[in-house]
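The structure appears below as structure tokens.
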Amino acid sequence: TMNSQFNGLHWPVYVKIIVAILIEAVIFGLGYKFINTDDKVMLLKISLLFIVAFLLQTIILLIIKTFWQRPRYRLIYAGYESYTALDLFRNWYEPGAGLARSLFTNVHKDQFMSFPSGHTAGSMIGVLFFYLPLLNKKTVNSAKARYIFLIVAFCFSAVVAFSRLVYGCHYLTDVSFGALLALTCSFVTPYFILKEEKNAKVSEDKSL
């Protein structure tokens, strides 16, 4: 069935943790080598920016998921006895699991956390990584570099969103809302954390 075929890698939890740590170590190592800036305070602020934005969207996601309880597509696609998938389907604007909750009583609660997509939101937060490579003195003033980083990040997020659809974990509305939420957090958070730098730049421009 779809439930067993599209659950990703069937590795033990400790193996997944080790692989995740190794991947992160490589990413951070390359990032540290690539970034070339003497402004350590700005680097710390941008790191804080990423953490705050990620935590903010995660908290909002968990609240919505817990309240909405939308059944995943892979849970209802085959129907249940005399009920069709259409009978069990819930629109994104309809909170609650509906009929599916009373029928699928033995499934894990994760199967009722479809809306919105956490994986898509997490990958979309990656747009904030633009701040890191752009601290490099060679690229900070390059408009071309900005566009390249932007395209790469959005392509990565699009692949993650598409994979969630293929696995039957989410609907298009789930990944769309997850991406919108992450983008909102990505653009709102810098306003508060980098506010001092913006004010300083405005003052400098006026003095010129």
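These values consider heavy atoms only, across backbone and side chains, with no hydrogens, waters or symmetry-generated copies.
When all heavy atoms of P116 and G178 are compared, the pair lying nearest together is CB-N, 3.9 Å. The two residues F54 and G122 have their closest heavy-atom pair at CE1-CA, 4.3 Å. The shortest heavy-atom contact between M113 and K109 is CG-O, 3.5 Å. Between C185 and I125, the closest heavy-atom pair is CB-CD1, 4.5 Å. Considering every non-hydrogen atom in both L165 and L172, the closest pair reads CD2-N, 3.6 Å. Looking at every heavy atom in both residues, S82 comes nearest to D87 through O-OD2, 4.4 Å.
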(request) In sequence, state the C-alpha distance, the side-chain angles, and the governing distance for F112 and K65, and then conclude on side chain to side chain contact (heavy atoms under 4.5 Å, CB included). (result) CA-CA 8 Å; F112 291 95; K65 280 178 174 289; over 6 Å; no

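In this structure, F162 is not a member of the same hydrophobic cluster as V160, with clusters built from ILVMFWY side-chain heavy atoms closer than 4.5 Å. Linking ILVMFWY side-chain heavy atoms closer than 4.5 Å, directly or via other members, places V52 and L61 in two distinct hydrophobic clusters. In the hydrophobic cluster analysis, where Ile, Leu, Val, Met, Phe, Trp and Tyr join through side-chain heavy atoms closer than 4.5 angstrom, W92 is grouped apart from Y73. Cluster annotation: Y83 and F89 are assigned to the same hydrophobic cluster (Ile/Leu/Val/Met/Phe/Trp/Tyr, side-chain heavy-atom contacts under 4.5 Å, transitive). A single hydrophobic cluster is not seen to contain both L103 and L86; linkage of ILVMFWY side chains at heavy-atom distances under 4.5 Å, directly or through other members, places them apart.
Side-chain contact between C169 and R74 is present, with heavy atoms from C-beta onward closer than 4.5 Å. Taking the side chain as every heavy atom from C-beta outward, F115 and Q69 never approach each other to under 4.5 Å.
Between the OG atom of S157 and the NE2 atom of H119 there is a distance of 12.0 Å, given to the nearest 0.5 Å. Taking OH of Y77 as the reference point, atom OG1 of T84 lies at 14.5 Å (rounded to 0.5 Å). To the nearest 0.5 Å, atoms CG (N91) and OG1 (T173) are separated by 8.0 Å. Between the CD atom of Q57 and the CG atom of L181 there is a distance of 6.0 Å, given to the nearest 0.5 Å.
Under the side-chain contact (heavy atoms from CB on, under 4.5 Å) criterion, S114 pairs with R70, R72, H170, Y171, D174, sequence neighbours left out.
A donor-acceptor contact shorter than 3.5 Å is absent between the side chain of T189 and the backbone of S186.
The aromatic rings of F104 and Y80 sit perpendicular to each other, their planes meeting at more than 60°, with 30° as the lower class boundary.
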